[in-house]
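Structure, as structure tokens:
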There are 2 protein chains.
Amino acid sequence: MDKPMQLDAIDRKIIHELQRNARISITDLARRVGLSKTPVAARIKVLEDGGLIAGYRAMLSPIKLGLSHVTYVEVRLSDTREAALSRFNTAVRAVPEIEECYMIAGGFDYLLKVRTRNIAEYRRVMGDQISALPHVHATSSYVAMEAVVESAAVNL
Amino acid sequence: MDKPMQLDAIDRKIIHELQRNARISITDLARRVGLSKTPVAARIKVLEDGGLIAGYRAMLSPIKLGLSHVTYVEVRLSDTREAALSRFNTAVRAVPEIEECYMIAGGFDYLLKVRTRNIAEYRRVMGDQISALPHVHATSSYVAMEAVVESAAVNL
DNA sequence: CCTGAAAAATTATTCGC
DNA sequence: GCGAATAATTTTTCAGG
């Protein structure tokens, strides 16, 4: 699961279309990329089996779900040895409100993106879940006021 | 496009399944939520028309695409009047390497998530695109070393 | 490696209940 | 909302270049 795959122009067109609409039929897709259905179906299978296409997902509107509160949380750990980092990573993955988590260069900090229904729920998640993550030493919260670009497609 | 929709338990099951696999058939979906196909198809249409389901997208592996470099950029503007913010927002949406952009409370800062092929490309994007965004006064970059949680599903 | 058409399998839709 | 029947598409397969 780590090396880039070799893609030609047609593969790129295919993933571009599938990123725009995961439910497009092979018939439609073949027409758009200028090939017949047979090779298009075969290429999709290669892309899926190779892990480049990791799945197909419905995009849900957070606002329509009432999940409009986004906060970024900077986390500093008290222990940054490998075992501690590993424990932290595992625990983070078990908190569903954490939509993203990256380890940041420079002092072994983490940046979390947390999505909740409102501030009250955010406080609860912060107090109950995030503060309780292993080895957390300090946190700083940055509240989002407006989503200018949200979960954009990957730039091909 | 702004008020939360009213959902019952079955709607929630439907969107949960579609978030897991956008290509599931109505036949399968109906079986999983314990209803017949007719009402499931009707519910999906309501969810789509209401904007809760915003679309269906193939999830691509950034690593397999060779797009493994993630940087968060904190941006401070020199002008935070409404017209300036609006200009900035519009310009941000035109940069495909910017995957996310939120306006952050407290001093009208922005937080960008930028994805590139490598550091060299990041420097180019930073120099050519981000620095050139309207009213940018200063930026700070935070390089991600590891993706612990990446583009997780929305927590239902 | 692709084409094109035929065949086989599924799927979505439309009813009356 | 159910379930069967219809109708429409879709995926797969295969011979041929």
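Naming: A, B, ... by sequence-line order, numbering from 1 per chain.
- For Arg43(B), a side-chain nitrogen or oxygen approaches OP1 or OP2 of dG1(D) to under 4.0 Å.
- Of the possible donor and acceptor atoms, none in the side chain of Ser78(A) sits under 3.5 Å from a partner among the backbone N and O of Val136(A).
- Atom CG of Asp28(A) is separated from atom P of dA8(D) by 18 Å (rounded to the nearest Å).
- If you check dG1(D), dA6(C), dG4(C) against the side chain of Thr38(A), the one that comes closest is dG4(C).
- Here dC2(C) presents its P atom at 13 Å from CD1 of Ile44(A), a figure rounded to the nearest Å.
- In this structure, CG of Leu29(B) is placed 18 Å from P of dT10(C), rounded to the nearest angstrom.
- One atom, CD1 of Ile10(B), and another, P of dG1(D), lie 6 Å apart when rounded to the nearest Å.
- Nearest nucleotide to the Lys37(B) side chain, out of dT10(D), dT13(C), dC2(C): dT13(C).
- The neighbour count for Arg81(B) CZ, taken as heavy atoms of other residues, nucleotides or ligands under 6.0 Å away, does not exceed 12.
- Ring geometry for His69(A) against Tyr122(A) counts as tilted: the plane angle lies between 30° and 60°, on a 0 to 90° scale.
- Dense packing is recorded around CZ of Arg93(A), with more than 12 heavy atoms of other residues, nucleotides or ligands lying under 6.0 Å away.
- Remark on DNA chain C: of its neighbouring residues Gly34(A) and Arg23(A), the 5'-side contact belongs to Gly34(A), judged by nearest-heavy-atom nucleotide.
- Picking from dT11(C), dT3(C), dG1(D) the nucleotide with the shortest atom distance to the side chain of Ser25(B) gives dT11(C).
- Protein atom CD1 of Ile24(A) is 15 Å distant from nucleotide atom C1' of dT11(D), rounded to whole Å.
- Contact annotation for Pro39(A): base contact, defined as any heavy-atom pair under 4.0 Å involving a base atom.
- One interatomic measurement links the two molecules: CZ of Arg31(A) to C1' of dT10(D), which rounds to 14 Å at whole-angstrom precision.
- For Ile26(B), the side-chain atoms get nearest to dA12(C) when compared with the rest of dA12(C), dT3(C), dT11(D).
- For the pair Asp8(A) CG and dC2(C) C1', the interatomic distance rounds to 13 Å; values are reported in whole Å.
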So Lys113(A) and Ile98(A), side-chain contact (heavy atoms from CB on, under 4.5 Å) or not? Walk me through it. CA-CA 6 Å; Lys113(A) 181 185 181 186; Ile98(A) 300 179; over 6 Å; no
